[in-house]
Amino acid sequence: MCASACAPTPAKAPPTHPRTTELTFRKSSYSGARTQDCVEVADIPGASAVRDTQNCDAGHLEFPTAEWTALLRASTK
């Protein structure tokens, strides 16, 4: 059990990034065409938002454009 390490974090200002429902997602070309293992991507200014197709309501992750590009380049090698 963690006592002080698990102390609640103070409330933060509301996020300035778009809500998942406000984004237009498309199936990633890197997703399997014949499986249910799909990732969806949405373009946002300066970043890409990524979510799991099967768990759309779980939200999304945002990656700055440079990091997303580096990931895609590394995954095609």
Side-chain angles (χ1 to χ4, degrees):
M1 189 167 224
C2 54
S4 61
C6 293
T9 56
K12 296 180 182 177
T16 57
H17 54 79
R19 296 178 185 204
T20 301
T21 57
E22 297 170 349
L23 298 173
T24 302
F25 285 89
R26 66 187 181 282
K27 183 177 174 184
S28 170
S29 60
Y30 292 89
S31 293
R34 300 175 194 216
T35 67
Q36 295 296 323
D37 300 328
C38 298
V39 174
E40 295 177 333
V41 180
D43 297 320
I44 55 178
S48 293
V50 182
R51 72 178 180 184
D52 180 354
T53 301
Q54 294 181 352
N55 297 299
C56 296
D57 294 335
H60 64 273
L61 299 174
E62 293 179 17
F63 297 94
T65 300
E67 291 179 16
W68 184 245
T69 301
L71 172 69
L72 296 179
R73 284 187 183 143
S75 66
T76 58
K77 290 183 179 181

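The first residue in the sequence is number 1, and the count goes up from there.
Side chain of T69 to backbone of A66: no donor-acceptor contact under 3.5 angstrom is found. T65 contributes a side-chain N or O that, together with a main-chain N or O of A47, makes up a donor-acceptor pair within less than 3.5 Å.
One finds the CD atom of E62 at 3.5 Å from the CD1 atom of I44 (value rounded to the nearest 0.5 Å). Here the OG-CG distance, from S48 to L72, works out to 7.5 Å after rounding to the nearest 0.5 Å.
Residue D52 comes nearest to C38 through the heavy atom pair OD1-O, 3.6 Å, listed as atom of the first residue, atom of the second, then distance. Between G59 and R51, the shortest heavy-atom distance links the atoms O-CB, 3.4 Å. Nearest heavy-atom pair, R26 versus A42, reported as atom, atom and distance to 0.1 Å: NH1-CA, 4.1 Å. Heavy atoms only, all atoms of each residue included: H60 and F25 are closest at CB-CZ, 4.0 Å.
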